There are 2 protein chains.
Amino acid sequence: MLTQQRKAHILAVLKQTGQVVAKSLSEQLDLSEDTIRRDLRELAAEGLLQRVHGGALPASPALADFSGRQAIATDGKKAIGRAAAAMIRPGQVVFVDGGTTTVQLVRHLPPELEATIITHSPSIAVELVSHPRITVELIGGRLFKHSVVAVGASAIEAIARYRADIYFMGVTGIHPETGLTTGDSEEAAVKRALSRHAAETIVLASSEKLGAASPYVILPMNEIQGLIVERGTRDETMAAYPAAGVSVTVA
Amino acid sequence: MLTQQRKAHILAVLKQTGQVVAKSLSEQLDLSEDTIRRDLRELAAEGLLQRVHGGALPASPALADFSGRQAIATDGKKAIGRAAAAMIRPGQVVFVDGGTTTVQLVRHLPPELEATIITHSPSIAVELVSHPRITVELIGGRLFKHSVVAVGASAIEAIARYRADIYFMGVTGIHPETGLTTGDSEEAAVKRALSRHAAETIVLASSEKLGAASPYVILPMNEIQGLIVERGTRDETMAAYPAAGVSVTVA
DNA sequence: CTTGACTCTGCACGAAGTTGCACGTTTTAT
DNA sequence: ATAAAACGTGCAACTTCGTGCAGAGTCAAG
């Protein structure tokens with residue numbers, strides 16, 4: 001077995017089970033624990049996992065659990081959420097992604113607004129329970145725990161049954177050449193499906209996303225209709241995508 | 001179980017319930033109390049929680065409202081949840097209803113349990129994000145806000161694609177003649193669909209449900225396999241359904 | 001074909017981390 | 001006041017870790 005194959009296997013197991021144990025990996029792959037430990041050390045150096053005594057844990061989500069990622073709703077995200085909410089007209093059908101920014105969107109929906117929100121994020125669904133007029137459609141599928149959204153074939157099938165006026169997309173990275181990116185291939189597939197079934201796709205991009213790129217490309221920049229960014233980041237954004245035909249809103 | 005995972009679990013429990021008790025943690029994780037105490041001490045040193053005699057509390061008082069909400073969950077419901085969680089064998093596929101009692105079920109799932117949980121409740125799905133080993137399948141559909149569950153034709157279609165070993169059902173009423181009831185016809189239809197696609201249906205019934213009846217009948221008593229009730233309510237229950245062929249568990 | 005540089009792997013060994021128990025102390029409840 | 005529970009510390013057994021080293025395999029230059 002090749003080293004790269006072995007490392008890929010370790011990452012696959014880690015992704016699927018949320019942990020790897022050095023000893024059991026060595027038995028499973030019929031290698032000494034030393035070799036496994038070396039692999040783990042190198043993968044940790046690449047930032048692909050987090051080394052712990054006895055094995056390893058995923059690089060990001062474990063830490064996210066610790067620090068309480070949710071708590072960090074910046075003013076910028078709130079402003080973006082408010083601006084996005086204001087774009088929704090009464091009676092419209094709206095796709096909403098999961099994520100900290102989109103949570104701000106639904107929190108800023110005016111109570112008198114009557115609309116249908118379709119989402120593959122259980123968190124967004126729960127958030128909308130307290131809204132008196134919004135009808136919520138939940139898209140099912142396998143739960144991708146890192147982002148807390150439904151993914152997979154059944155999610156994409158369910159999306160195909162809907163047609164929305166607007167899709168508010170959250171991304172991990174937005175880069176002038178690479179386009180819109182995210183950290184998981186299945187999540188990217190779901191976002192593409194949502195975009196395909198919406199008349200208009202609007203990307204919500206808090207400042208830390210601008211100029212960043214993650215492994216999986218969702219769409220190139222020219223396939224979206226709008227972009228909402230925080231005040232103060234406009235110049236940067238306009239400079240990056242001058243001819244894209246994407247309307248930029250400053251929140 | 002890895003040390004870091006254990007600590008993450010402690011913090012997750014703390015976040016959910018607003019408190020942790022050293023003794024119960026040691027039982028739940030099958031470790032000596034000494035080890036738990038060591039973990040708590042170290043987490044306290046990192047400022048992630050506040051050490052108190054007998055266990056620990058959240059570091060910041062910001063989570064105080066969490067513990068307040070938790071208080072609504074009676075000891076009875078917790079006991080029922082614990083008993084239900086203990087019925088799940090590794091590798092099983094489990095349907096879980098929405099509701100305050102079933103939330104207790106998923107909170108008492110041991111962290112080492114590997115299983116698949118399928119639910120039409122976004123709250124249950126979100127709750128399970130912090131569990132390291134459970135695979136979650138979310139059933140989509142129109143959100144019935146009163147109970148915070150997906151209902152409707154698409155939900156029932158999605159359910160038809162699954163087959164579970166156990167279905168843990170929550171109900172509004174349980175009456176010797178009327179059977180199992182709930183307050184909404186669509187919710188009843190979904191519960192029937194879940195029951196149809198599970199090998200075994202177990203009803204979680206906190207004391208206030210016994211003898212009560214709501215407008216919509218889900219199933220007659222003889223179509224379920226098990227009933228979990230609180231300690232102290234057994235005589236009443238046994239008297240009400242003596243010949244039903246339903247196994248009654250006292251939590 | 002041979003040689004030398006390089007990489008990968010497993011083993012050995014000392015260091016470090018982890019865990020449960022024993023024991024004496026502190027806190028809590030009755 | 002007394003008993004029970006929870007606590008901290010020290011300790012021994014055990015596991016896991018990192019490093020140095022040697023043997024095996026690979027590859028390209030000579």
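All values derive from a computational prediction rather than experimental measurement. To find a chain, count down the sequence lines: A is the first, B the second, and so on, and within it residues start at 1.
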Using atom types as modelled, flag every donor-acceptor pair under 3.5 Å from a side chain in residues 33-43 of chain B to any protein atom, sequence neighbours excluded.
from  : atom 1 : to    : atom 2 : distance (Å)
B:T35 : OG1    : B:S32 : OG     : 3.2
B:D39 : OD1    : B:R6  : NH2    : 3.1
B:D39 : OD2    : B:R6  : NE     : 2.5
B:D39 : OD2    : B:R6  : NH2    : 3.1
B:E42 : OE1    : B:K7  : NZ     : 2.6

Rounded to whole Å, how long is the line connecting atom [atom1] of [X] with atom [atom2] of [N]?
X: B:L25; N: D:dC7; atom1: CG; atom2: P; value: 11 Å
X: B:L2; N: C:dT18; atom1: CG; atom2: P; value: 10 Å
X: A:E33; N: D:dC14; atom1: CD; atom2: C1'; value: 13 Å
X: A:L40; N: D:dT19; atom1: CG; atom2: C1'; value: 17 Å
X: B:E27; N: C:dG20; atom1: CD; atom2: P; value: 14 Å
X: B:I36; N: D:dA6; atom1: CD1; atom2: P; value: 13 Å
X: A:D30; N: C:dG10; atom1: CG; atom2: P; value: 8 Å
X: B:D39; N: D:dC7; atom1: CG; atom2: C1'; value: 15 Å

Are [X] and [N] close enough that a side-chain N or O sits under 4.0 Å from OP1 or OP2?
X: A:T35; N: C:dT9; value: no
X: A:R6; N: C:dT9; value: yes
X: A:R51; N: D:dT16; value: no

I'd like a list of close polar pairs between nucleotides 11-13 of chain C and the protein, N/O only, cut-off under 3.5 Å.
from   : atom 1 : to    : atom 2 : distance (Å)
C:dC11 : N4     : A:D34 : OD2    : 3.1
C:dA12 : N6     : A:D34 : OD2    : 3.1

Identify which nucleotide among C:dT18, D:dG8, C:dG10 has an atom closest to any side-chain atom of A:L31, counting heavy atoms from C-beta outward. C:dG10
Checking side-chain polar atoms at under 3.5 Å, does [X] have a donor or acceptor matched by the opposite partner on [Y]?
X: A:T181; Y: A:T172; answer: no
X: B:E200; Y: B:Y167; answer: no
X: B:T182; Y: B:K191; answer: no

Please test A:L204 against A:L105 for side-chain contact (heavy atoms from CB on, under 4.5 Å), starting from the C-alpha separation and ending with a verdict. CA-CA 10 Å; A:L204 310 185; A:L105 189 171; 4.1 Å; yes
Non-hydrogen side-chain atoms of A:K145 and B:I134 separated by less than 4.5 Å: yes
Does the side-chain contact (heavy atoms from CB on, under 4.5 Å) test come out yes or no for B:Q4 and A:H53, once each step is laid out? CA-CA 8 Å; B:Q4 293 309 317; A:H53 196 88; over 6 Å; no
Using the side-chain contact (heavy atoms from CB on, under 4.5 Å) rule, pick out the option among B:V96, B:I218, B:D97 that qualifies with B:L194. B:D97
Quick one: what's the B/S/- string for nucleotides 25-30 of chain C, heavy-atom cutoff under 4.0 Å, read 5' to 3'? --SS--
Using a strict cut-off of less than 4.0 Å between a Lys/Arg side-chain nitrogen and an Asp/Glu carboxylate oxygen, indicate whether A:R142 and A:E186 qualify as a salt bridge. yes
Base, sugar-phosphate or nothing for A:V21? Non-hydrogen atoms, less than 4.0 Å. nothing
